[in-house]
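The first residue of the sequence shown is numbered 1, and numbering continues consecutively from there.
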Amino acid sequence: MKKYEKVFKADYEKWYRENQAYREQAAADPDRLRFHLMPETGWLNDPNGLCQFQGEYHIYYQFTPFEPTGELKLWGHYTTRDFIHYEGWEPVLFPDSDLDAHGVYSGSAFAEDGRIHYFYTGNVKYFDREDYDYIMTGRGSNTIHCESEDGFHFSEKELVMSNQDYPADMSCHIRDPKIYKRNGIYYMVLGARDKDSRGEVLVYCSEDLKSWSYFNRITTKEPFGYMWECPDLFMLDGQLCLICCPQGVKPQGLEFHNVHQCTVMKLDYDFEKNEYTLDPEIRMADRGFDFYAPQTFEDEKGRRILIGWMGIPDADYTNPTVEAGWQHALTLPRELHMKNGRLYQTPVAELLELRGEKRSFAFENGRAEAMGCELVYEAEADFQECRQMRMTLRKGVSLNYEEGILTLDLGDCGSGRTTRQVKLEELKNLRIFSDTSSLEIFVNDGAEVFTTRVYGREGELEILGECKGTVDVYEMKGFVVERK
């Protein structure tokens, strides 16, 4: 256990004092986002521990402040009360114990009775032999629990489960605990890969959030990928849903073209009998190049809110921001609903406060409508009819609709990203959030979404084709982030 050294809070504080120039370099990058959360320096990936506690939203995230490639993970921390004004805090969890010496990996929060309970995976890699493959051997995946009364100060880490507590047919890849409560019983879901390289979700149960026992496993009848990461089990508008990230799924038609997927599955689960039926229709949660490891939570208004990682592991495309010393961001917070058996995602209502000056345009068959040269904007397009359409989102980047296929084409602005598509019965509306180096496109009231990083700094907004409707374009203010 010597290859990676533990990182303590004092180590981080010393490093932070000595690296003002690094922070200035990252802050000066013109690709820094205006209305998305990013790392101040270094690498960001999965959102963790999302919750609202005593009126305040806590957004923790996987974080490597020291460099932009994500070698050793901490938990970073933002808070907000309105999703517009944020406070950025120093990290809250460090790989400082034998339980998590090689990474404070992903996990979740569960708030109840004036306390927040945190569960996460402590990663440990062993280096006493040279023949470890770190899949079936050589890795410890510890499920760890700690608590807080304020979201800032944490109790001692407690080991809940380790490799010997998982089923005997599992690999060493078990991680990302998330809690679901039903009828007074707590259920923990964990992403897993078994020894036959089949992806699944392990389910444990508890009556006190302390002692856990094996309950079941959720998987498909036929193998669907070799590992299911970041599972999230929740009830949404009367439907039990599982969002997770299967790895190793091959493309099928227009589906599953990213290196790893993020999917939505519907379940019927009789918890008393411990019997479930998994709907065979598995839908993609997002159609873009950069969406992975989302996490949901229910806020004090009763909304189910999702935030995802605007990135993806193991991709063959790049982010040029690495040269400026930082990489990745979080998506906009989205409110979820289940309608007619499918997931809908819409940006939370608070984001309307970012809107500035509005300009409206009408378009009609065959006539191009130029709508400006902004790079940072929100646009809402409503179609009275649409047979064919081309909408330029910035110079070199377009949305094309033809023969029922909507295509996002990043042209030369993708840094290796090319095109992604979805088949639609009709194109009714679009809601587009264009930031300096990202796009989030909500299609048909959020029934489909494209999330991607995008580069190229020349604005151009235009629509033409066999279509008729209106477009509203809004200037956009940025998030206000205060570093603590």
(request) Measure centre to centre between the rings of W212 and F119, then say whether the value is under 6.0 Å. (result) yes

(message) Taking R198's backbone N and O only, do any of them form a donor-acceptor pair with D196's side chain (distance below 3.5 Å, no angle check)?
(response) no

(message) Please verify the inter-ring angle class for Y61 with F63; under 30° counts as parallel, over 60° as perpendicular, anything in between as tilted.
(response) tilted

(request) Determine, step by step, whether R217 and D194 satisfy the salt bridge (charged side-chain N to carboxylate O under 4.0 Å, His left out) criterion, reporting the C-alpha distance in whole Å, the side-chain angles of both residues, the deciding distance to 0.1 Å, and the verdict. (result) CA-CA 11 Å; R217 66 184 73 190; D194 73 10; 5.1 Å; no

(request) In sequence, state the C-alpha distance, the side-chain angles, and the governing distance for E374 and R34, and then conclude on salt bridge (charged side-chain N to carboxylate O under 4.0 Å, His left out). (result) CA-CA 13 Å; E374 289 85 357; R34 304 271 186 86; over 6 Å; no

(message) Between K477 and E353, does the side chain to side chain contact (heavy atoms under 4.5 Å, CB included) criterion hold? Intermediate values first, please.
(response) CA-CA 8 Å; K477 294 174 285 188; E353 295 298 318; 5.6 Å; no

(message) Run Q421 and T407 through side-chain hydrogen bond (donor to acceptor under 3.5 Å, both in side chains) and show every step you take.
(response) CA-CA 4 Å; Q421 299 179 303; T407 302; 2.8 Å; yes

(message) With a 4.0 Å cut-off on N to O distance, would you call R287 and E255 a salt bridge?
(response) yes

(message) Donor-acceptor pair, distance only, cut-off 3.5 Å: does the side chain of K73 make one with the backbone of S106?
(response) no

(request) Please confirm whether the backbone N or O of L33 pairs with a side-chain atom of D435, one donor and one acceptor, at under 3.5 Å? (result) no

(message) For H153, is there any backbone N or O sitting under 3.5 Å from a side-chain donor or acceptor partner on S148?
(response) yes

(request) Tell me, yes or no, whether the heavy-atom count around E112 atom CD, taken from other residues, nucleotides or ligands under 6.0 Å, exceeds 12. (result) yes

(message) Can you confirm if the aromatic rings of F215 and Y204 lie within a centre distance of less than 6.0 Å?
(response) no

(request) Mind telling me whether W15 and F66 have parallel, tilted or perpendicular rings, with 30° and 60° as the class edges? (result) perpendicular

(request) Report the residue from D100, D11, D98 that forms a salt bridge (Lys or Arg N to Asp or Glu O under 4.0 Å) with K6. (result) D98

(message) If you count every heavy atom of other residues, nucleotides or ligands that lies below 6.0 Å from E156 atom CD, does the total exceed 12?
(response) no

(request) For the residue pair H145 and H117, categorise the inter-ring angle as parallel (less than 30°), tilted (30 to 60°) or perpendicular (more than 60°). (result) parallel

(message) Heavy-atom count check: over 12 atoms from other residues, nucleotides or ligands less than 6.0 Å from K181 NZ?
(response) yes

(message) For the CD atom on E56, are there more than 12 heavy atoms of other groups (residues, nucleotides or ligands in this structure) within a distance under 6.0 Å?
(response) yes

(request) Verify, without hydrogens or angle tests, whether R394 (side chain) and T436 (backbone) share a donor-acceptor contact under 3.5 angstrom. (result) yes

(request) May I ask you to establish whether R23 and Y16 are in a cation-pi arrangement, using a distance under 6.0 Å from NZ or CZ to the six-membered ring centre and at most 45° from the ring axis? (result) yes

(message) When you measure from the side chain of H173 to the backbone of Y134, do you find a donor-acceptor pair of N or O atoms at a distance under 3.5 Å?
(response) yes

(message) I want to know whether F256 and F224 have ring centres closer than 6.0 Å.
(response) yes

(request) Check for a donor-acceptor pair, side chain of T451 on one end and backbone N or O of E440 on the other, with a separation under 3.5 Å. (result) no

(request) Take D299 and R303, measure what salt bridge (charged side-chain N to carboxylate O under 4.0 Å, His left out) needs, and give me the verdict at the end. (result) CA-CA 5 Å; D299 76 353; R303 300 181 295 181; 2.9 Å; yes

(request) Decide whether a cation-pi geometry holds between R355 and Y474; the criteria are a distance under 6.0 Å from NZ or CZ to the six-membered ring centre and an angle within 45° of the ring axis. (result) yes

(request) Report yes or no: does Q295 contribute a side-chain atom to a donor-acceptor pair with the main-chain N or O of G49 at less than 3.5 Å? (result) yes

(request) Mind running side-chain hydrogen bond (donor to acceptor under 3.5 Å, both in side chains) on R175 and S141 for me, showing each step along the way? (result) CA-CA 7 Å; R175 53 182 172 267; S141 295; 5.7 Å; no

(request) Determine the interplanar angle of the F83 and Y57 rings, folded into 0 to 90°, and report it as parallel if under 30°, tilted if 30 to 60°, perpendicular if over 60°. (result) tilted

(message) Please check: side-chain N/O of N163 versus main-chain N/O of R139, any donor-acceptor pairing under 3.5 Å?
(response) yes

(message) Has D133 got a side-chain atom pairing as donor or acceptor with M136's backbone, closer than 3.5 angstrom?
(response) yes

(message) Between K210 and E147 (salt bridge meaning N to carboxylate O under 4.0 Å), is one present in this structure?
(response) yes

(message) Does the plane of the ring in H77 sit parallel, tilted or perpendicular to the ring in H58? Use 30° and 60° as the thresholds.
(response) parallel

(request) Might you work through the salt bridge (charged side-chain N to carboxylate O under 4.0 Å, His left out) test for D286 and R334, ending with a clear yes or no? (result) CA-CA 12 Å; D286 195 286; R334 307 170 182 180; 3.4 Å; yes

